[in-house]
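In what follows, every chain begins at residue 1, and chains take the letters A, B, ... in the order their sequences are listed. Please read all numbers here as calculations on a predicted model, not as lab measurements.
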Number of protein chains: 2
Amino acid sequence: MANPMYRQIADDLREQIESGALVPGSQLPTELELRERYSASRNTVRDAIKWLANLGLIQTRPGQGTFITELKTPFVTTLSGDPLTGLGGGEGGTFKAEVSAARRLLTNSPVQVEIQNATREIAARLRIPENTEVVLRHERRFIDGTPYSMQTSYYPMDLVIRGAEDLQKAADIEQGTVTYLREVLGITQAGYRDWITVRAPNATEADFFNFSPDRVAIYEVFRTAFDGNQIPMRVTVTVYPTDRNQFIFNVGSVPPPHNAPAGDGDQDI
Amino acid sequence: MANPMYRQIADDLREQIESGALVPGSQLPTELELRERYSASRNTVRDAIKWLANLGLIQTRPGQGTFITELKTPFVTTLSGDPLTGLGGGEGGTFKAEVSAARRLLTNSPVQVEIQNATREIAARLRIPENTEVVLRHERRFIDGTPYSMQTSYYPMDLVIRGAEDLQKAADIEQGTVTYLREVLGITQAGYRDWITVRAPNATEADFFNFSPDRVAIYEVFRTAFDGNQIPMRVTVTVYPTDRNQFIFNVGSVPPPHNAPAGDGDQDI
DNA sequence: GCAAATTTGTTCGTATGTATT
DNA sequence: CAATACATACGAACAAATTTG
C-alpha cells in the first residue's frame, strides 16, 4: 500500500515502455482511456503522465496525445585532443571534422562579439581581477538543424591590446583563434582543463534548445586554456542539452571507438 | 498574457530566488499564504511550486514547508590521470587521495561480485561475443555519509581463467585491480576511454541516492580500459547524481586548479 | 476553408491522508 | 493530542492545439 495511485500507474506504464511493449514514437492511450483502464480520475492519470514526462520517458503534445520519447541520435563530442596543435575537441576544425565524420550537417550562427567586465566566475578562471575587461565571442551551433550548443569564449582584453585585434571583430577567425594567437602574438596553447557540470537551463537556454514542455538538464563545460607559462589565455563556456549529447575523453593509448553508447542503436563514428 | 498563471507565479518566485531576496535554506511562504498573495487557488500555487521543484530550485518537505534548495558542496572528480600507472581518476588510490585532499570522508560498501553473461552493451565495449561470461565487481561509495556513486566493473572471464582469480573473490583487491592484473598476468593498462552520458535514474538508483521527491538526473560514465595491444581489459560503469558531482579533465600541460566551479563558494582541491 | 470532434492544458473547489512540530 | 503544512485524489468546467469530416 506504499505507493500512491499515480505512482502505481506510472510504474505500470513505465514497465510497458521499458519492456518494449510500447515502442518509441508510438502513442500512449489517451487520458480518458487511461482513466477507465485504471479506474482513476483524469487528474490522477495526468499526475502519472507528468511523472513519466519528468523522467523524459514520454512527451505530451497538446491536441495530439502522449508519445513515447524517441531518443534523438546522440552526438558524441571527443573532448580530449592534441593541446599543442590547439585541437581540443568541441572546437573549430576538430569539431567540424567530428560532425562531418558522423555524416551530419553543422550550421553556425554568426559570431557575436562583446566587451564586458569579467564576472567573478570568469575572472577567477582567467586569474584576472574582477571587473577587468574581457572580449567575449559567442556562437550557437546546430547539427542537422537542431540546436546543439551555445558557446561563449572569454579572452583577456590584454591580448587585444597586445595586437590580437581580430578577437574583437565580429567575424569568423578563419584559422581558429588558437592558431591566430600563435601567429600574431606567439602565444601557444600548452594545455587545457575541462570542467563539466550539469544544471537546469535558464530561460534563454530553454528557449534556444526548444524545450517546450521541457525539463531537460544541460551540461555546462568550462574549458580553461593555458599558454606555455601556464597562464590562462582563454575560458570557453559551452552548454549542451543532456538529451542529445555525450562526451568522450581518451587517456593514453586507445583504439578508435567502433560502437554505440548506451541505449540507442548502432552509430558509427 | 502569454503564460498561464502558475508559470507567472513560478517566474515571480524564481526571480526572488535568483536575485537573492530569498536565500538558500530559507523557507518559502506556505501554500496558503501564496494562495492569498497571488489570488490563486491552492492547486495553482502547487503547480507553480512543482515547476520550480522540477528545476531543482526548491524542495518541499511534508509537514514542514517549502525551502530554497541548498546546493550540496559538489565533489569534483578528475577523470584524467596517468594511464600507465593505472591511476585513472575516480578509481582506487587516486580516488581516495582526491577525496581526502578535499578533507571529506569516504566510505565504501563491501565489494559485491557476480558472474553474469555479458549484455549486448557490455559485450560490445569489451569486444567479446554477447552472452560470454564476465566477472562483475560492484561497489557503492559515500562521501561524508551521502551516497556518492555506484560503480560496476566488468572483466572478461578469460582473465580469471588465465590466473587472475582474485577478481572473482568478494574482497577488496588491496593494490587495485590494475596493479593486480599487471602483477599476476603481466597485463598493462595502456589507456582508457571515458564515455559520459546523462540519463534519468532507475528505481534502484533513485532509492540509493535518496531522491525522495526526486527528479535529479545522473551521470553514467563508461570507462573502457585497454591493454598494450589495445584490447579492452575492463569496462567500468559508474553512476553519479548530477546535483553533487562535477568532473575535470586535463589535457596537456595545465597548472593545478585553485578555484571553485560555477555557483558555489570556495572550495580548495 | 470551416466546423466539429478529439486531446491535452489550466484553473478552481473540495475532501481526506500523511508527516512534522 | 492538536495544529500546521504538504500530498493525494476526485470532480468539474473551460481553454487551446490539432486532426478530421
Side-chain angles (χ1 to χ4, degrees), chain A residues 1-14 17 22 25-70 206-207 210-215, chain B residues 1-14 17 22 25-70 206-207 210-215:
Chain A
M1 213 50 308
N3 279 347
M5 194 190 306
Y6 79 94
R7 289 280 276 114
Q8 296 178 32
I9 297 175
D11 289 345
D12 189 62
L13 290 172
R14 182 176 187 160
I17 294 168
L22 294 167
S26 67
Q27 184 171 6
L28 248 70
T30 67
E31 295 175 351
L32 292 189
E33 285 168 336
L34 291 173
R35 180 181 122 268
E36 301 207 335
R37 175 185 305 182
Y38 292 106
S39 306
S41 77
R42 186 179 159 220
N43 280 334
T44 300
V45 166
R46 279 179 61 78
D47 281 345
I49 287 175
K50 217 171 290 177
W51 180 268
L52 295 176
N54 281 339
L55 290 176
L57 290 170
I58 62 181
Q59 289 171 334
T60 58
R61 299 205 275 272
Q64 299 185 54
T66 305
F67 300 83
I68 317 283
T69 301
E70 291 196 81
D207 183 55
N210 200 17
F211 299 154
S212 352
D214 127 296
R215 214 156 3 270
Chain B
M1 206 52 274
N3 279 347
M5 194 188 308
Y6 77 94
R7 290 279 276 117
Q8 294 178 32
I9 297 174
D11 289 345
D12 189 61
L13 290 173
R14 181 174 187 163
I17 294 168
L22 295 167
S26 67
Q27 184 172 4
L28 249 69
T30 68
E31 295 175 349
L32 292 188
E33 285 167 336
L34 292 173
R35 178 181 123 271
E36 302 208 335
R37 174 185 306 183
Y38 292 105
S39 306
S41 77
R42 189 181 155 219
N43 280 335
T44 300
V45 166
R46 278 180 62 78
D47 281 345
I49 288 175
K50 216 172 290 176
W51 180 269
L52 295 175
N54 282 339
L55 290 176
L57 290 170
I58 62 180
Q59 289 171 335
T60 57
R61 299 204 276 272
Q64 297 185 52
T66 304
F67 301 83
I68 318 283
T69 301
E70 291 195 80
D207 183 55
N210 199 16
F211 300 153
S212 351
D214 128 295
R215 214 155 8 270

Find the distance [X]:[atom1] to [N]:[atom2] and express it as a whole number of Å.
X	N	atom1	atom2	value
B:Gln8	C:dT10	CD	P	12 Å
B:Phe67	D:dC6	CZ	C1'	11 Å
A:Trp51	D:dT8	CH2	C1'	13 Å
B:Lys50	C:dG9	NZ	P	13 Å
B:Tyr38	C:dT11	OH	C1'	17 Å
A:Asp47	C:dT8	CG	P	15 Å
A:Arg7	D:dT8	CZ	P	9 Å
B:Leu34	D:dT4	CG	P	17 Å

Comparing B:Ile49 with A:Val45, nearest DNA chain D nucleotide closer to 5' gives the residue B:Ile49
So, using side-chain contact (heavy atoms from CB on, under 4.5 Å) as the criterion, who are the partners of [X] when residues are at least two apart?
X	result
A:Thr30	A:Leu32, A:Glu33
A:Thr69	A:Gln59
A:Glu70	A:Pro24

Distances for protein N or O near nucleotides 11-14 of chain D N or O, under 3.5 Å:
residue: D:dG11; atom: N7; partner: A:Asn43; partner atom: ND2; Å: 3.4
residue: D:dG11; atom: O6; partner: A:Asn43; partner atom: ND2; Å: 2.5

Phosphate OP1/OP2 of [N]: any [X] side-chain N/O under 4.0 Å:
X	N	value
B:Thr66	D:dC6	yes
A:Thr60	C:dG9	yes
A:Thr44	D:dC10	yes

Measure the shortest side-chain to side-chain distance between B:Leu34 and B:Ile9 over non-hydrogen atoms and say whether it is less than 4.5 angstrom.
no
Run the salt bridge (charged side-chain N to carboxylate O under 4.0 Å, His left out) test against [X] and tell me which residues pass, sequence neighbours left out.
X	value
A:Arg37	none
B:Arg14	B:Glu18
B:Arg7	B:Asp11
A:Asp12	none

Tightest non-hydrogen contact, residues B:Ser41 and B:Arg35, listed as C-CG, 4.0 Å
Distances for protein N/O vs nucleotides 1-6 of chain C N/O pairs under 3.5 angstrom?
none

